[in-house]
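Note that this is a predicted model, so its numbers are computed, not measured. A, B, ... follow the sequence lines: proteins, then strands. Residue 1 opens every chain.
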There are 2 protein chains.
Amino acid sequence: MSSESTGKTREIDIKVRTLAHPSRGELQLDAVLSALSDPIRRQIVSQLADVPGEQACSAFQLPVSKSTSTHHFRVLREAGVIEQHYRGTAILNSLRAADLEAQFPGLLRAVLQVGIKEAPSSATATATAGESQARHPNAKA
Amino acid sequence: MSSESTGKTREIDIKVRTLAHPSRGELQLDAVLSALSDPIRRQIVSQLADVPGEQACSAFQLPVSKSTSTHHFRVLREAGVIEQHYRGTAILNSLRAADLEAQFPGLLRAVLQVGIKEAPSSATATATAGESQARHPNAKA
DNA sequence: AGGCAAGTACGACACCCTTCGTAGTACGAG
DNA sequence: CTCGTACTACGAAGGGTGTCGTACTTGCCT
């Protein structure tokens, strides 16, 4: 539909590039627990919880390739743990803390509280020392 | 070894049939969350939390085969969520609630609290009505 | 217009997980 | 001693997951 109607640049249907999210009531404990089972995804969630405001995917120093990053962000979004929306070419992420608290009270806090001792180097300690956080070999800088 | 040494009942090496458990300090959030991601395993944990005292594996009406049951119990034990020990041919199970609370405070409560509305028919409501709990086709009675 | 940066889509691979059935072991009861 | 009960062990099938590389789309900037 609306492909090349007259040969001019007349694309009427605006492709907004929306991302699908489950509503608050659709959150499934299965999906949320599975999503939080992965250490990399917990790292993402932890950073989102520590740093206020929205953050682009590129703001995360994950020890995996870009493709794999995309995968993890999608799992978190489809589980309803994070919210994602486009801003230019970037995607801004934020934690759905309120929705999670409404459906599974105490869960997020319980999981994040552990991360403090088990997996340090959350964004709060970014400038602490010699960068113990592993980056992916294919990382640019 | 020690099969029929003299033909009498002289088995010296006592096979206690012990089950391996992680110690409290060895509990891994990864393993615990993965273990709790499965609905069947949450059903087991939920029943253990509701009914006081130890319960044999056969006390659970799970919608899977016996082999699969064994598998799920083992996953829970190896993650450190439950404790198992032999009593005759049966295995008695109990929740390691204190250990879990020590390592991941609030986690167990958060997960179990959800089960109340998402998955009814916990042992507290056993005698409520017409047995909506699915049993496995291969079940005996 | 051209190039770059941020992500996505797709296909491939290896591994793990859930499930089952069948066979085996250990213990208690008749 | 023989049988039944309560599980485990093992192997197999089927689907899912984490990982990657390559190719593609989209939008911003010069």
Exercise for review: Determine, step by step, whether B:Q84 and B:N93 satisfy the side chain to side chain donor-acceptor pair (under 3.5 Å) criterion, reporting the C-alpha distance in whole Å, the side-chain angles of both residues, the deciding distance to 0.1 Å, and the verdict.
Suggested key: CA-CA 5 Å; B:Q84 301 190 289; B:N93 304 277; 2.6 Å; yes
Review point. Between A:R41 and D:dG18, is there a side-chain N or O to OP1/OP2 distance below 4.0 Å?
Key: yes
**Study point:** Which atom of B:P105 lies closest to which atom of A:A110, heavy atoms considered
**Key:** O-CB, 3.5 Å
Review point. What is the distance from CD1 of B:I40 to P of C:dT18, rounded to the nearest Å?
Key: 9 Å
Review point. Has the side chain of B:Q103 got a donor or acceptor atom that lies under 3.5 Å from a matching backbone atom of B:L100?
Key: no
Exercise for review: Let me know the distance between CG of A:L62 and P of C:dG7, rounded to the nearest Å.
Suggested key: 11 Å
Exercise for review: Starting from P on C:dG7, measure out to CZ on A:F60 and report it in whole angstrom.
Suggested key: 10 Å
Check your understanding: Sequence neighbours excluded, which residues qualify as side chain to side chain contact (heavy atoms under 4.5 Å, CB included) partners of B:T89?
Key -> none
Check your understanding: Rounded to whole angstroms, how far apart are CZ on B:R17 and C1' on C:dC27?
Key -> 7 Å
**Study point:** N or O in side chain of A:T89 less than 4.0 angstrom from D:dG27 OP1/OP2
**Key:** no
Using a cut-off of under 3.5 Å, enumerate the N/O to N/O pairs linking the protein to nucleotides 11-16 of chain D.
none

Check your understanding: Going by number, which of residues 69-79 of chain A have a non-hydrogen atom under 4.0 Å from DNA chain D?
Key -> A:H71, A:H72
Check your understanding: For A:P22 and A:L27, which heavy atoms make the closest approach, and how far apart are they?
Key -> CG-CD2, 3.9 Å
Practice item. Could you tell me whether B:T68 contacts a base, only the sugar-phosphate backbone, or nothing, with contacts defined as non-hydrogen atoms closer than 4.0 Å? Key: base
Point to revise | Protein-nucleotide distance (A:K66, atom NZ; C:dG7, atom C1'), rounded to Å | key: 6 Å
**Study point:** B:S65 and B:T68 side chains, donor-acceptor separation under 3.5 Å
**Key:** yes
Review point. Does B:L19 or A:D38 map to a spot on DNA chain D nearer the 5' end, using the closest nucleotide for each?
Key: B:L19
Study note, to complete from the structure: B:A56 has its side chain closest, among D:dT19, D:dC7, C:dC20, to D:dC7
Check your understanding: Would you say the side-chain atoms of A:E101 pair up with the backbone N or O of A:L107, donor to acceptor, closer than 3.5 Å?
Key -> no
Point to revise | d(CG, B:D30; P, D:dT17) in whole Å | key: 16 Å
Review point. Just how far, in rounded Å, is P of C:dT18 from CD of B:Q43?
Key: 15 Å
Exercise for review: Measure from the side-chain N and O atoms of B:Q47 to the backbone N and O of B:A59, and report whether any donor-acceptor pair falls under 3.5 Å.
Suggested key: yes
**Study point:** Minimum heavy-atom distance B:L92-B:A56, with the two atoms named
**Key:** CD2-N, 3.9 Å
Practice item. Measure from CD on A:E54 to P on C:dG7 and round the result to the nearest Å. Key: 13 Å
Review point. Counting just side-chain N and O atoms, does B:S67 come under 4.0 Å of either OP1 or OP2 of C:dC20?
Key: no
